Amino acid sequence: MPPTRHPEGGGKPVTEQELWLRSMLVDKGVLSESGLTRNAGIRTCRTCRAQCLAGIACTGLDAWADLGQLHAVGELAALLAGRPTLSLFAGRQLVPRDRHWIRAYPAGAGQRPAYAAHRCGEPTPAEWQAITPRPAAATTEGMPF
Ligand SMILES: [Zn+2]
């Protein structure tokens, strides 16, 4: 049987066996309909083309978050703006942050990074994001040679 085109329009040829395997993985909850797994990874939003952190959350639903890590005030601003926040559990699975998570692992404290849920066309404002220190640029000033 000749390969068919990928149903999501990616142009990737898909055989009937691959489609069957995909449906089995979706049935078992290993893969979501949109192709996400429980291990979150960097994915491109199909609507706005933004790079996001995406995966099947512990709720069993697809979760998409903006990449910028929030600080505590940024998380509050995100929540007040109606954007849920998410963390990574064991560095892999996206978990919605509830009051228990927020209290136990404050955003920006370094234990569990917090991310704002993705909204197309509304990137996480820079003022909500924790500032990650950049290494000082190498300089030749003060060198004896
Ligand atoms: Zn988007």
Side-chain angles (χ1 to χ4, degrees), residues 5-15 17-145:
R5 285 286 166 216
H6 195 273
E8 296 170 1
K12 183 177 163 190
V14 175
T15 63
Q17 291 87 1
E18 289 172 325
L19 289 171
W20 174 83
L21 176 60
R22 184 183 181 94
S23 70
M24 293 300 290
L25 293 173
V26 169
D27 287 346
K28 300 239 181 249
V30 175
L31 196 68
S32 73
E33 291 285 343
S34 59
L36 299 179
T37 65
R38 292 196 179 276
N39 288 339
I42 307 295
R43 303 287 294 264
T44 301
C45 174
R46 291 186 183 164
T47 305
C48 69
R49 311 299 301 161
Q51 293 288 299
C52 297
L53 188 58
I56 300 173
C58 64
T59 58
L61 302 173
D62 286 3
W64 291 75
D66 286 346
L67 291 179
Q69 293 184 21
L70 303 171
H71 50 61
V73 176
E75 181 170 33
L76 177 62
L79 293 169
L80 289 173
R83 292 174 70 167
T85 56
L86 303 140
S87 271
L88 285 173
F89 177 72
R92 295 180 175 188
Q93 188 171 26
L94 285 166
V95 176
R97 288 171 59 87
D98 60 13
R99 61 190 168 101
H100 304 291
W101 271 71
I102 292 169
R103 184 180 308 137
Y105 308 108
Q111 289 181 313
R112 301 272 164 90
Y115 305 93
H118 175 67
R119 276 190 186 163
C120 292
E122 294 181 40
T124 301
E127 57 269 16
W128 292 3
Q129 298 179 33
I131 297 170
T132 50
R134 291 184 174 185
T139 177
T140 55
E141 285 182 34
M143 292 186 137
F145 48 89

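What you see below is based on every heavy atom in this structure, not just the backbone, and it leaves out hydrogens, waters and symmetry mates. Worth saying up front: this structure is predicted, and the values here are computed from it rather than measured.
A pairwise comparison of heavy atoms in A40 and L94 identifies CB-CG, 3.9 Å as the closest pair. Scanning both residues, L79 and P84, for their nearest heavy atoms gives CD2-CA, 4.2 Å. Closest heavy-atom contact between R38 and Q93: NH1-NE2, 3.1 Å. Y115 and G68 get closest at one heavy-atom pair: CD2-O, 3.8 Å. Heavy atoms only, all atoms of each residue included: S32 and V26 are closest at O-CG2, 3.8 Å.
A salt bridge links R83 with D66: the closest approach of a Lys/Arg side-chain nitrogen to an acidic carboxylate oxygen falls below 4.0 angstrom.
A distance of 13.5 Å separates CZ of R119 from SG of C45, quoted to the nearest 0.5 Å. Atom-to-atom distance recorded for T37:OG1 and R43:CZ is 7.5 Å, nearest 0.5 angstrom.
Proximity of T15 to W20: side-chain heavy atoms (C-beta onward) are nowhere separated by under 4.5 Å.
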Run the side-chain donor-acceptor check on residues 48-59: report pairs under 3.5 Å with partners two or more places apart or on a different chain.
residue	atom	partner	partner atom	Å
Q51	NE2	T44	OG1	2.7
T59	OG1	L61	N	3.4

Just distance, no hydrogens or angles: give the donor-acceptor pairs under 3.5 Å from side chains in residues 85-92, sequence neighbours left out.
residue	atom	partner	partner atom	Å
T85	OG1	E75	OE2	2.7
S87	OG	R97	NH1	2.8
S87	OG	P113	O	2.9

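With T124 as the fixed residue, the side chain to side chain contact (heavy atoms under 4.5 Å, CB included) test singles out one of Q69, H118, Q129: Q129.
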